[in-house]
Amino acid sequence: MVSPPQEAMHRIFQHDPGLFSRVSRFLGVDIPAPVKATALPTDLTEANPVERRVDTLLRLETADQGSYLLAVEAQGKKHPDKPASWAYYTAYLWTKYRLPTALLVVCQDHATATWAQQPVSCGPPQLPTLTVQPLVAGPHNMPVITDPEEARADLVLASLAAITHAAEPDVDAILKALSTALRDAPEDVAKPLVEFTAQGLAKRPAKNLWRNLVAVDLSFYKSYLAEEVRDEVRAAVRDEVRNEVRDEVRDEVRDEVRDEVRDEVRDEVRDEVRDEVRDEVRDEVRGEVRDEARAESRAEDILLILEQRGLGISEDVRSRITHCTDPELLRHWLARAVTVPKAEEVFEDA
């Protein structure tokens, strides 16, 4: 499966075929700018079942040096079979179109770039029948464009610079310059470059910076990058609000439950206290009733003794004895009732 960075590294030349001429000066060659460019089929398959496809194939026409073919390959890492494929591409294209064929390999790391630009011969060392030595664009020779004015002068080159330096420390400064320069560009110019740059950055940390820059600096148009950032921010805000609401609802529910529990506990405690108080009151009342019963019994005993002795009992004496509730006093009267000559004398020395 072709990765987004590989797509961006070669498709940007389809987007702007004149980019190769501008890039060539950084590669140590002088390629005239094309006056016309035609995208050709990338399928290099022959009648046999071996399928071969080049990433991007352009026919470029110049004013002074005629036409030539440009095959662009995006190379993400070293691959021992690639030089043979490149030799096949160039030989096949030269045979099919009878035009000079240039091969440009675009890389994103120094090791792959160094490997890709080494000449490879298909013949013995003493007979280099066909030698392939592609032009290589990568972080080792692509410009580091950190000035917005320089980026504005060639937006496509600045985008390629960001793509080829995607893993380099300078990429943040390049992206900031590019996003600043794209502010003044029409949407139809800015949009594809934003997408190419995003594809080229893939999942590298710089992708997050680019998305943020797009969302802020280039918010005048709706790209999928801006929508991604907005969706992420919306999701983050939603989570934040959700947590806040969750806390509020939790507090509300806690208060409701606390009130419910308080009512339940109040009922439980009321029942417990009622039982405790009932037992206490029952004991108190039982004691009072017992004392009252004892007092009544003693009062009856006093009156009975006085009556048995034949002493006259006035209503005042009877009332005073029957209304007395003091057990000790009644006990004292009971003892006197046995010996006093008159009922009224029961109360003396009381």
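- In this structure a side-chain-to-backbone donor-acceptor pair under 3.5 Å is missing from Thr62 to Pro32.
- With sequence neighbours left out, His110 forms a ring-ring contact (aromatic ring centres under 6.0 Å, His included) with no residue at all.
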Name the atoms and distances for all side-chain donor-acceptor pairs under 3.5 Å in residues 154-167, with sequence neighbours left out.
residue	atom	partner	partner atom	Å
Asp154	OD1	Arg22	NE	3.4
Asp154	OD1	Arg22	NH2	3.1
Asp154	OD1	Leu157	N	3.1
Asp154	OD2	Arg22	NE	2.3
Ser159	OG	Thr197	OG1	2.8
Thr164	OG1	Leu160	O	2.9
Thr164	OG1	Ala161	O	3.2
His165	ND1	Ala161	O	2.8
His165	NE2	Pro139	O	3.4
His165	NE2	Met142	O	3.4

- request: Give the intermediate values and the outcome of side-chain contact (heavy atoms from CB on, under 4.5 Å) for residues Lys342 and Leu311.
  value: CA-CA 6 Å; Lys342 293 181 180 180; Leu311 300 179; 5.8 Å; no
>> One pair to check against side-chain contact (heavy atoms from CB on, under 4.5 Å): Arg211 and Val214. What are the steps and the verdict?
In response: CA-CA 5 Å; Arg211 292 194 304 178; Val214 166; 5.6 Å; no
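- By the salt bridge (Lys or Arg N to Asp or Glu O under 4.0 Å) test, Arg25 pairs with no residue at all, sequence neighbours left out.
- Thr90 places a side-chain N or O within donor-acceptor distance of the main-chain N or O of Ala87, the cut-off being under 3.5 Å.
- Residue Leu182 comes nearest to Trp210 through the heavy atom pair CD1-CH2, 4.0 Å, listed as atom of the first residue, atom of the second, then distance.
- With hydrogens and angles ignored, the 3.5 Å screen pairs a side-chain donor or acceptor of Gln118 with a backbone N or O of Thr114.
- Residues Val338 and Trp333 share a hydrophobic cluster, clusters being chains of Ile/Leu/Val/Met/Phe/Trp/Tyr side chains in contact below 4.5 Å.
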Q.
Run Glu344 and Val340 through side-chain contact (heavy atoms from CB on, under 4.5 Å) and show every step you take.
A. CA-CA 9 Å; Glu344 288 79 5; Val340 295; over 6 Å; no
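- For the atom pair CD1 of Ile321 and CD1 of Ile313, the computed distance is 6.5 Å after rounding to the nearest 0.5 Å.
- Hydrophobic cluster membership of Ile174, counting Ile, Leu, Val, Met, Phe, Trp and Tyr whose side-chain heavy atoms lie under 4.5 Å apart directly or via other members: Val144.
- Taking every heavy atom of both residues into account, Thr56 and Arg11 meet most closely at OG1-N, 4.0 Å.
- Of all heavy-atom pairs between Ala151 and Ala177, the closest is CB-O, 4.0 Å.
- The closest donor-acceptor contact from the side chain of Gln108 to the backbone of Gly200 lies under 3.5 Å.
- Tyr97 places no side-chain N or O within donor-acceptor distance of the main-chain N or O of Tyr92, the cut-off being under 3.5 Å.
- Applying the side chain to side chain donor-acceptor pair (under 3.5 Å) rule to pairs touching residues 73-84 yields Glu73-Lys82, Glu73-Trp86, sequence neighbours excluded.
- Taking CG of Leu178 as the reference point, atom CD of Glu150 lies at 12.0 Å (rounded to 0.5 Å).
- No continuous path of ILVMFWY side-chain contacts below 4.5 Å connects Leu130 to Leu99, so the two sit in separate hydrophobic clusters.
- Around CZ of Arg331, the count of heavy atoms belonging to other residues, nucleotides or ligands within 6.0 Å does not exceed 12.
- Of the possible donor and acceptor atoms, none in the side chain of Ser319 sits under 3.5 Å from a partner among the backbone N and O of Asp316.
- In this structure, Ile12 CD1 and Glu195 CD are separated by 12.0 Å, a value rounded to the nearest 0.5 Å.
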Sequence neighbours left out, cut at 3.5 Å: what donor-acceptor pairs do the side chains of residues 296-307 make with other protein atoms?
residue	atom	partner	partner atom	Å
Arg298	NH1	Pro327	O	2.8

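- Atoms NZ and CG, from Lys96 and Leu69 in turn, are 10.0 Å apart once rounded to the nearest 0.5 Å.
- One distance of note links NZ of Lys207 with CD of Gln199; it measures 8.5 Å at 0.5 Å rounding.
- In this view, Glu256 satisfies the salt bridge (Lys or Arg N to Asp or Glu O under 4.0 Å) rule with no residue, not counting sequence neighbours.
- Residues passing the side-chain hydrogen bond (donor to acceptor under 3.5 Å, both in side chains) test with Glu345: none are found, sequence neighbours excluded.
- Scanning for side chain to side chain contact (heavy atoms under 4.5 Å, CB included) contacts around Thr38 gives Lys36, Leu40, Arg59, with sequence neighbours left out.
- In terms of the salt bridge (Lys or Arg N to Asp or Glu O under 4.0 Å) criterion, residue partners of Arg258 (sequence neighbours excluded) are, by chain and number, Asp255.
- Looking at Asp109 and Thr112, their side chains do bring a donor and an acceptor atom within 3.5 Å of each other.
- Using bins of under 30°, 30° to 60° and over 60° for the plane-to-plane angle, the ring pair Phe20/Phe13 lands in the perpendicular bin.
- Of all the heavy atoms in Leu27 and Ala137, the pair that sits closest is CD2-CA, 4.1 Å.
- In this structure, a donor-acceptor pair under 3.5 Å is absent between the side chains of Arg246 and Asn243.
- In this structure, Val132 and Tyr89 have side chains that are not in contact, with every pair of non-hydrogen atoms separated by 4.5 Å or more.
- Take Val35 and apply the side chain to side chain contact (heavy atoms under 4.5 Å, CB included) test, not counting sequence neighbours, and it matches Glu61, Ala63.
- With hydrogens and angles ignored, the 3.5 Å screen pairs a side-chain donor or acceptor of Asn141 with a backbone N or O of Gly138.
- The main-chain N or O of Ser121 is never found under 3.5 Å from a side-chain atom of Thr131 such that the two would form a donor-acceptor pair.
- Taking 4.5 Å as the limit, some side-chain heavy atom of Trp115 sits within range of a side-chain heavy atom of Pro83.
- Follow the hydrophobic side-chain contacts under 4.5 Å out from Val189 and you reach Leu175 in the same cluster.
- For residues 298-323, there are no ring-ring contact (aromatic ring centres under 6.0 Å, His included) pairs, not counting sequence neighbours.
- Residues Trp94 and Leu58 are members of separate hydrophobic clusters, defined by side-chain heavy-atom contacts under 4.5 angstrom among Ile, Leu, Val, Met, Phe, Trp and Tyr.
- Pro41 and Leu57 make their closest contact through O-CD2, 3.4 Å (heavy atoms, listed as atom of the first residue, atom of the second, distance).
- In terms of hydrophobic clustering, with Ile, Leu, Val, Met, Phe, Trp and Tyr side chains grouped at heavy-atom distances under 4.5 Å, Val120 and Leu135 are assigned to different clusters.
- Between the CG atom of Leu330 and the OG1 atom of Thr325 there is a distance of 7.5 Å, given to the nearest 0.5 Å.
- When all heavy atoms of Ala206 and Leu201 are compared, the closest pair comes out as O-CD1, 3.9 Å.
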